[in-house]
Amino acid sequence: MNLPTIVTLTLVLAYPLFYAAFLSLHKVTPGELRRGIFPWVGFDNYTRILSDPLFILALEHTLIFTIVSVTVEIVLAIAIALLIDQRQVWTSNVTKLLILVPYAVPPIANGLIWSFLYDFNFGFLNRILFTLGLIDQPIDWVGNPRTALLALTVPYVWRTLPFAILLVHAALQGIGRELYEAAGVDGAGALRRFWHITLPLLRPIIVVILVLRTSFAFAVFEEVLAITQGGPGDSTWVAVWYSYKRSFAPPFDIGVGAAAAYVLALIVGGLAIAYVRLIYRPVE
């Protein structure tokens with residue numbers, strides 16, 4: 001009964017992963033692709049990227065992007081999930097519907113929408129800030145190296161936040177109301193009930209969100225492609241964009257791009273293990 005699933009996963013996931021590992025250990029350029037012969041280079045591709053200042057810079061940008069986006073996403077997810085969990089608040093039903101809208105937007109479309117919002121001359125964001133009197137001249141959100149990375153973080157969080165909200169909201173449904181009633185009888189206020197009941201019981205799902213969202217944040221690509229394309233300069237180069245440019249832009253060194261992708265995968269795997277060991281522990 002499991003054989004069709006195993007075969008499908010092998011073809012769709014395992015084979016590409018092993019083939020990418022094979023490419024990362026060989027010299028693969030358009031010339032080698034035409035000849036069908038890939039010279040063995042061992043770990044030279046890994047040595048090249050680890051000694052490349054641009055790859056190190058891309059990793060730094062990726063780390064900053066991940067820390068900011070995941071932190072903001074988890075805080076907002078818990079806050080919004082607690083809000084829509086309030087049965088006595090009639091707006092919670094409306095909120096449940098609205099939070100699903102960004103999740104239905106394709107990533108590229110999301111990037112294009114926000115690129116229009118960020119437009120220096122005609123963007124709605126600058127127009128709103130002008131109307132509110134918060135700025136007296138337009139801000140080049142995407143063209144300024146100091147704000148470009150933040151300009152990528154906002155649309156990414158807007159698109160991925162509903163997923164985290166749904167997971168936290170589902171976890172809240174599994175917490176028995178009698179726990180809160182007993183804590184209320186003992187005189188615990190809302191903050192103490194959240195700190196000693198809600199947050200510990202949410203820890204397992206928070207770990208799941210941390211692992212998934214960190215993995216996806218490290219692999220951010222669509223917003224970069226649609227909004228900044230790595231610019232201005234190299235201020236929004238992230239690890240996946242580095243791998244993409246090395247593989248599919250001159251000099252089309254696919255072996256180096258594959259090596260960069262595997263370094264990124266090892267980092268994400270290490271972070272996932274650290275999350276589980278440091279945060280996930282039994283709740284008594």
query = With a 4.5 Å heavy-atom cut-off, do Thr236 and Ile227 have their side chains touching?
reply = no

key: Distance-only polar pair, side chains of Thr198 and Tyr180, donor-acceptor under 3.5 Å   = yes

query = Side chains of Leu201 and Leu172: does their closest heavy-atom pair fall under 4.5 Å?
reply = no

task = May I ask you to establish whether Arg127 and Phe130 are in a cation-pi arrangement, using a distance under 6.0 Å from NZ or CZ to the six-membered ring centre and at most 45° from the ring axis?
result = no

query = Does a side chain donor of either Tyr15 or Thr10 reach within less than 3.5 Å of an acceptor in the other side chain?
reply = no

inquiry  = Whether the Asn126 and Trp141 side chains hold a donor-acceptor pair (N or O, under 3.5 Å, no angle test) is what I'd like checked.
reply    = yes

ask   = Are Phe122 and Phe116 near enough that their ring centres are under 6.0 Å apart?
value = no

ask   = Mind checking whether Thr228 and Leu149 have side chains closer than 4.5 Å, heavy atoms only?
value = no

query = Is it true that Lys245 and Asp253 make a salt bridge, defined as a side-chain N closer than 4.0 Å to a carboxylate O?
reply = no

query = Is the closest side-chain heavy-atom distance between Phe65 and Phe218 below 4.5 Å?
reply = no

query = Between His26 and Phe22, is the gap from one ring center to the other below 6.0 Å?
reply = yes

inquiry  = What I'd like to find out is whether the side chain of Leu25 reaches to under 4.5 Å of the side chain of Asn45, using heavy atoms alone.
reply    = no

inquiry  = I want to check a possible cation-pi pair here: Arg246 against Tyr242, using under 6.0 Å from ring centre and within 45° of the ring axis as the test.
reply    = yes

message = What I'd like to find out is whether the side chain of Leu210 reaches to under 4.5 Å of the side chain of Ile74, using heavy atoms alone.
response = yes

ask   = Checking ring pair (Phe, Tyr, Trp, His ring centres under 6.0 Å) for the pair Phe216/Tyr156: CA distance, chi angles, key distance, verdict?
value = CA-CA 10 Å; Phe216 286 111; Tyr156 177 81; 8.6 Å; no

inquiry  = Between Asp52 and Arg48, is there a side-chain heavy-atom distance shorter than 4.5 Å?
reply    = no

ask   = Is there a side-chain contact between Trp195 and Leu191, using heavy atoms and a 4.5 Å cut-off?
value = no

inquiry  = Starting from Phe43, can I reach Trp40 by hopping between I/L/V/M/F/W/Y residues whose side chains sit under 4.5 Å apart?
reply    = yes

key: Distance-only side-chain donor-acceptor flag, Glu222 / Asn110, under 3.5 Å   = no

